[in-house]
Amino acid sequence: MKRVLLILGILIVAALAGVFYLWDKIETKKLEMPDSYQTIMNRGYLIVGVKTDTKPFGYIDKDGQIVGLDIDIAKAIAKFLFRDEKKLKLVSVTPSDRLIKLTTGDVDIVIATMTVTPQRLDLIDFSHAYFIAGQTVLVPKDSKISALGELGNHNVGVIFGTTAEKNLRTLVPTARVFGYRTYDDAYEALNKGIIQAITSDDTILRSYALNNKSVRVINRKYSKEPYAIGVRKGKENKLLLEKVNFVVKTLVTNNSINHLYSKWGLR
Ligand code: GLU
């Protein structure tokens, strides 16, 4: 009996030692999380998550280049960090995967028409806002729909993971919500008559109306959507957030942001 107790005792002590050893490793690792800004500088380029289907913020032009207001802001940050706006790798993100790509470290920051919301602030940090949009509705030109509240009992397209998806479900619970991964997919469904409207940010939807006279945007905003740059939480990301904020502030104070708005037809 004594021997059994002794062996049991040894086993318990060994197990506890193992647990303490692992715990110590995890704690040490936590403390050793490398600083994001230093990691980027050592790597020699910045990795930014951007949209590639969202005119005029992030889209592919006729030469196959990713361009737009968000891309110009990414270039300004790369230029500030490396004195070279080309030290930049752009990674395509969508509203449904941009938070995951940021939090898992696929990208350093996200500049992707992303609205600051309390829910997102629980997961990531945001820079100062660089643009304010608002939710509205895109409908075929001859549609009788003239307000968000009239979308009940209609098939309404949203982009998965957007603020507009959430707002629509809350504000018009009787709307039949059709989710799409990209704006072009939603737009195609609108053209085919599968859905009778798309709801999202005014600036994004307006670019479809500008390029195609068969659709129009309802001239009202149903929300305030401040766009800001997403950065991972944690003290290892604080310096990066400071640098990003410095660039955003500089763009605002030296008026460059207004030039960018004009360049991309946003003013
Ligand atoms: N600004 C909106 C959002 O953050 C939608 C725009 C988008 O990213 O497609 O959910």
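Each ligand, and each atom within it, is numbered from 1 in the order the structure gives.
Ligand-side atoms of ligand 1 in range of A112: 8 (O), range being under 4.0 angstrom from any heavy atom. Within ligand 1, the atoms closer than 4.0 Å to a non-hydrogen atom of I204 are 6 (C), numbered from 1 in the order shown. Of all atoms in ligand 1, listed by their number and element, those nearer than 4.0 Å to a heavy atom of M114 are 4 (O). Near T163, meaning under 4.0 Å from one of its heavy atoms, ligand 1 places the atoms 2 (C), 3 (C), 10 (O).
At a threshold of 4.0 Å, the pair D72-K263 counts as salt-bridged, since one of the basic side-chain nitrogens sits closer than that to a carboxylate oxygen. Using a 4.0 Å cut-off between charged side-chain N and carboxylate O, E165 and R169 make a salt bridge.
Residue contact annotation: T117 has no non-hydrogen atom under 4.0 Å from ligand 1. At least one heavy atom of D201 sits under 4.0 Å from some atom of ligand 1.
Checked by distance only, ligand 1 and Y227 stay at 3.5 Å or farther apart across all their nitrogen or oxygen atoms. Inclusion of R120 in the set of residues having an N or O under 3.5 Å from an N or O of ligand 1 is warranted. No N or O atom of S200 sits closer than 3.5 Å to an N or O atom of ligand 1.
Transitive grouping of hydrophobic side chains (ILVMFWY, heavy atoms separated by less than 4.5 Å) keeps M114 and L90 in distinct clusters.
Counting non-hydrogen atoms of neighbouring residues, nucleotides and ligands closer than 6.0 angstrom, the CD1 atom of I100 reaches no more than 12 such neighbours.
Of the N and O atoms on the side chains of T94 and S96, at least one donor lies less than 3.5 Å from an acceptor on the other residue. With no hydrogens or angles considered, a side-chain donor-acceptor pair links Y187 and N212 at under 3.5 Å. No side-chain donor from either of D201 and T203 sits under 3.5 Å from a side-chain acceptor of the other.
Remark: of the listed residues V116, D70, I124, I109, I109 is the sole one forming a side-chain contact (heavy atoms from CB on, under 4.5 Å) with I229.
Counting heavy atoms under 4.0 Å from ligand 1, residue A164 does not touch it at all. At a 4.0 Å heavy-atom cut-off, ligand 1 touches R98 through the side chain alone. With a heavy-atom cut-off of 4.0 Å, T54 does not touch ligand 1 at all.
The aromatic rings of Y227 and F131 lie tilted to each other, with the angle between the two planes from 30° to 60°.
Remark: minimum distance from atom 7 (C) of ligand 1 to any protein heavy atom is reached at K51 NZ, 3.1 Å. Taking atom 9 (O) of ligand 1 as the reference point, the nearest protein heavy-atom neighbour is Y183 OH, 2.5 Å.
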